[in-house]
Colleague: 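Structure in C-alpha cells, see below.
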Amino acid sequence: MTIDRRRLLQTSSAAAVLALAGCLGGDDSDDDENGDGGDGDYVADMEPWEDLPEPETREEYLQRANLAAHQEAPWIFLNRQYSNYGKSADLDWAARNDELIKGAEMSGLSEVVVTQGNMDSGLDPHDHRETPTTNIALQAYDRLLDRTSDGEVQAGLAEDWERIEDGQVRFHLRDGVTFHNGDELQPEDVAFSVNRIVDPDVGGLESPQNDQLAGVTGAEVVDGENAVDVFSDGLNPIVFSLFASYCDIVQRDWIESRESGELNRDMNGTGPFQLASYEPDVEVVFEPYQDHWNGAPDVDTLTFRAASEDSTRVNQLIQGETDVIVNVPPQEVSRVQDEGATEMAAVPSTRIIYNGMRYDVEPFDSVEFRRAMNYAIDLETIVEDTLQGFADQTGQPTLEGFVGYNEDIDPYPYDPDRAEELIEESGYSGAELTLHTPVGRYLKDLEIAQATAGYIDDLDNVSASVQQRDFGSLAGELTDGDITTAPDWYLIGWGNEVFDATQTIIPLLTSDGALTSYKNEAFDQLLEEAQSLPGSQ
C-alpha cells in the first residue's frame, strides 16, 4: 500500500496543515520547466546577481543573497526534510515543524519513551549544536520567549518585551519562577545565560551556539526592575525571534560552582521536567517539576533513548517498546500507519539537507566545478524514489515560507552532459571525491548520499564514493569553528527555527560563519546590508 504524503499530511495536525500550505507551492514549482530544460547552461543564461539593481528592503537583500548562493553554488542543493514521526495511537501529541519534541505538550500516557536517531552529546544546555541534544535539554530548561507549534512567538520566562532603541531591547521577567533546586530565578541568571553564549570569557566555555544569537553582544540587569536589557552590535531586526528559538536560561551560581564534566551529567533549569536519572549514551529519564510556573506536565515519566537504525526504531514502536520515534523511513510509513496501536505524525520541517563543498580546497574552489555537481544529480528522482515524496527539492539555502525566500529560483535541472562540460572547464577532470555522511541522523541520509555520489560517479570525468560517519564526530568537525578540520565534501542538515534566511545563510555561508564552507566579500555585504534594515519580526 502506498501512502500519499499529501493525504497523510492533510490528516495530520493543524500545524501540519498550515505548514503544508507553504510546501505545496514548492511542488507546483517543481512542475515548472527548469531553466532551459538542459539544452544550454541554466545558470549562465541568468543575469549575474552582482549586475542586478541594488535592493531596497531587507527582504530584497536576502532574496538577492539566495540568488547569489544559487549561482555561486557553494552547496549541492538537496531537499527540505520532512519530519516523519511514528507514535503510539494512545499518545496525544502533534508533531511540530521546528522538530522540537516537547514532553509538556504530551498527554494520554503516564509513561512516555521517545526514541531518536542519536542520544545527547552532554547535558550542558549551552555546549551543543544539534537537535537530538536540544530535544533533551528543552525538557528541563525554559527560554525567555517561546513559540507555538506553528512558529508564532509567545511569552516564556519573559512576560513582556520591548525595543528600547536600535541595538537595545528589554525583557520583563515573570515573577515566581523557580529552578529545580528551589531557588528563585533572578535577572542576574538571565543576563549570565545570554553572556555565557555570546562571550567566551563568561561561564567557562566557548559556546557553539554563539551564532544562534547573531549580533547580540551582551546583557545587563536593569536597575530596580525584574528585567534584563540585551544589546546588539546593530539594529538586529530579528532579535526577539532569536530569543524565541534559542538561549536556555541557567542558574549562574549553579553553573559557576561546577566543572564541565558535572554540567554535562546533571541539569538544573526552570523547565517543566526535572532530571530523574542519566546514563550517558543509554537513556535520560525526566519527571515532572511540580512547581513549574505553567503547571506540571501530564506525563509522569519521560524517557529519551536512541537507535540509529531506522528499522530498529520502527520495530520498537510496533512492539510497544517506545511511544515516539523520529524519521520513519518512507517505505515503513504504511506499516506504522496500518498498525492499530501506532500512527504517523508528519510535518514539513524547518531543515534543509545539503552537501557542503569547501571553497578553500580543490576541486571545490572552482565555481564551474561546484555548478557541475548540481547539474550532475537527478534531484527530482532522489525526492520521488529515495524519499518517496516526503521531501521538497531546493535550489537555495532558504526554505519556502521563510523571510528572504526567492520564489524566482528553481532547482538546478538534471543535465549530466553540461556537468561534464563544466568539469572540463574547471580544469579538474579526473577528480576523485569522497562524500562524508552521517547515518540515521536525517531521514534517509545514507541513501541520499549514495544516490548523490552515484549520479556524480556516473559522469565520465570524475569519480565519487561515500564514507559513512558517526554523526557526533562529523558534527564536531563542522562546529569547531575551524574550516580546515571539516571534510572537503559532506552531507549535513540545518534546521532554522527562526524562519528567517539569515539564520541559515550567516552561519553556513558567510566568511566568518561558525560552520561556513564559503567565502565571498560581496556576498557578505548583502547580509550586512540586510541586517542594518528593519525586519518584519
Side-chain angles (χ1 to χ4, degrees), residues 43 49 62 65-79 81 129-130 208-212 214 351-377 379 394-399 404 411-412 422 426 428 431 433-438 441-442 445 448-449 452-453 456 462 464 466-467 469 471 473-496 501-528:
V43 174
W49 64 275
L62 296 177
N66 276 292
L67 177 62
H70 179 77
Q71 294 181 352
E72 299 291 328
W75 294 352
I76 297 177
F77 296 99
L78 293 173
N79 62 283
Q81 179 179 309
R129 196 65 172 78
E130 359 78 43
Q209 300 167 8
N210 181 285
D211 64 288
Q212 290 181 331
R351 186 173 302 280
I352 186 172
I353 304 296
Y354 69 97
N355 283 173
M357 297 178 281
R358 279 177 49 187
Y359 81 97
D360 60 329
V361 296
E362 298 178 349
F364 302 118
D365 57 349
S366 163
V367 65
E368 289 83 7
F369 194 90
R370 297 195 301 265
R371 288 177 181 169
M373 297 298 96
N374 278 282
Y375 281 118
I377 64 169
L379 183 55
T394 64
Q396 59 186 299
T398 301
L399 295 171
Y412 275 70
L422 284 169
S426 75
Y428 288 124
L433 312 175
T434 302
L435 175 59
H436 293 239
T437 183
R441 170 62 189 90
Y442 311 110
D445 44 18
I448 296 171
T452 301
I456 293 171
V462 68
V466 169
Q467 181 173 337
R469 296 290 308 277
F471 172 69
S473 172
L474 178 59
E477 293 171 6
L478 298 177
T479 59
D480 65 3
D482 181 1
I483 191 173
T484 65
T485 63
D488 296 353
W489 185 31
Y490 51 89
L491 182 149
I492 203 72
W494 182 263
N496 181 339
T502 55
Q503 208 58 15
T504 299
I505 295 176
I506 289 178
L508 301 184
L509 291 173
T510 57
S511 300
D512 296 327
L515 292 76
T516 194
S517 59
Y518 184 57
K519 181 180 179 64
N520 183 314
E521 292 182 0
F523 182 80
D524 292 347
Q525 186 63 33
L526 287 175
L527 276 301
E528 291 179 11

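The structure presented is a predicted model; accordingly, all values stated were derived computationally and were not measured. The figures here come from the full heavy-atom set of this structure, side chains too, leaving out hydrogens, waters and symmetry mates.
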Colleague: Any side-chain heavy atom of L62 sitting closer than 4.5 Å to one from T398?
Modeller: no
Colleague: Among side-chain atoms of S366 and E368, is any donor-acceptor pair under 3.5 angstrom?
Modeller: yes
Colleague: Return the CH2 to CG distance between W49 and L526, rounded to the nearest 0.5 Å.
Modeller: 5.0 Å
Colleague: Are the side chains of E72 and Y518 in touch, meaning some heavy atoms are under 4.5 Å apart?
Modeller: yes
Colleague: OG1 of T394 to NE2 of H70: how many Å apart, nearest 0.5 Å?
Modeller: 10.5 Å
Colleague: Does the side chain of L78 reach to within under 4.5 Å of the side chain of I377, using non-hydrogen atoms?
Modeller: yes
Colleague: Is there side-chain contact between L433 and F369, with at least one heavy-atom pair below 4.5 Å?
Modeller: yes
Colleague: Between L435 and I456, is any pair of side-chain heavy atoms under 4.5 Å apart?
Modeller: no
Colleague: Where is the tightest heavy-atom contact between W75 and G356, given as atom of each residue plus distance?
Modeller: CD1-CA, 4.2 Å
Colleague: Please report the C-alpha distance between N66 and I505 in whole Å, then the side-chain angles of each, then the deciding distance to 0.1 Å, and finally whether the side chain to side chain contact (heavy atoms under 4.5 Å, CB included) criterion is met.
Modeller: CA-CA 8 Å; N66 276 292; I505 295 176; 4.0 Å; yes
Colleague: Could you pull out the closest heavy-atom pair between P397 and I352, with the gap in Å?
Modeller: O-CD1, 3.6 Å
Colleague: Checking A73 now: which residues fulfil side-chain contact (heavy atoms from CB on, under 4.5 Å) with it, not counting sequence neighbours?
Modeller: R370, R371, N374, Y412
Colleague: Could you grab the distance from atom CG of L508 to atom CH2 of W494, nearest 0.5 Å is fine?
Modeller: 5.0 Å
Colleague: What's the shortest heavy-atom distance between A514 and D211, and which atoms?
Modeller: CB-OD1, 3.7 Å
Colleague: Would you please test I483 and Y359 for side chain to side chain contact (heavy atoms under 4.5 Å, CB included) and show each step?
Modeller: CA-CA 10 Å; I483 191 173; Y359 81 97; 3.7 Å; yes
Colleague: Report the C-alpha separation of F77 and L379 in whole Å, then their side-chain angles, then the decisive distance to 0.1 Å, and conclude whether the side chain to side chain contact (heavy atoms under 4.5 Å, CB included) test is met.
Modeller: CA-CA 9 Å; F77 296 99; L379 183 55; 5.6 Å; no
Colleague: Crowded around D365 CG? As in, over 12 foreign heavy atoms under 6.0 Å?
Modeller: yes
Colleague: Specify the closest pair of heavy atoms between G404 and A501, including all atoms of both residues, with the distance to one decimal.
Modeller: CA-CB, 4.2 Å
Colleague: Could you name each residue pair satisfying salt bridge (charged side-chain N to carboxylate O under 4.0 Å, His left out) that touches residues 474-491, not counting sequence neighbours?
Modeller: R358-D488, R469-E477
Colleague: Between Q503 (side chain) and Q212 (backbone), is there a donor-acceptor pair under 3.5 Å?
Modeller: yes
Colleague: Roughly how far, to the nearest 0.5 Å, is the CH2 atom of W489 from the CD atom of Q467?
Modeller: 12.0 Å
Colleague: Can you find a heavy atom in the side chain of P74 that is under 4.5 Å from one in the side chain of F523?
Modeller: no
Colleague: Just how far is it from atom NE2 of H436 to atom OG of S473, taken to the nearest 0.5 Å?
Modeller: 10.0 Å
Colleague: Is a donor from one side chain sitting under 3.5 angstrom from an acceptor on the other, for T437 and D445?
Modeller: no
Colleague: Might you point out which heavy atoms bring T516 and S511 nearest each other, and give the distance in Å?
Modeller: CG2-O, 3.7 Å
Colleague: I need the minimum non-hydrogen distance between G493 and I353, along with the two atoms involved.
Modeller: CA-CD1, 3.7 Å
Colleague: Measure the shortest side-chain to side-chain distance between I448 and N79 over non-hydrogen atoms and say whether it is less than 4.5 angstrom.
Modeller: yes
Colleague: Among all residues two or more places apart in sequence or in another chain, which pass the side-chain contact (heavy atoms from CB on, under 4.5 Å) test with F471?
Modeller: N118, E130, P438, R441, Y442, A475, I492
Colleague: Check whether any side-chain heavy atom of T452 sits under 4.5 Å from a side-chain heavy atom of N355, and report yes or no.
Modeller: yes
Colleague: Should Y354 and T504 be marked as a side chain to side chain contact (heavy atoms under 4.5 Å, CB included) after you check the CA-CA gap, both sets of side-chain angles, and the distance that decides it?
Modeller: CA-CA 12 Å; Y354 69 97; T504 299; over 6 Å; no
Colleague: Drop me the distance from S517's OG to F364's CZ, to the nearest 0.5 angstrom.
Modeller: 10.5 Å
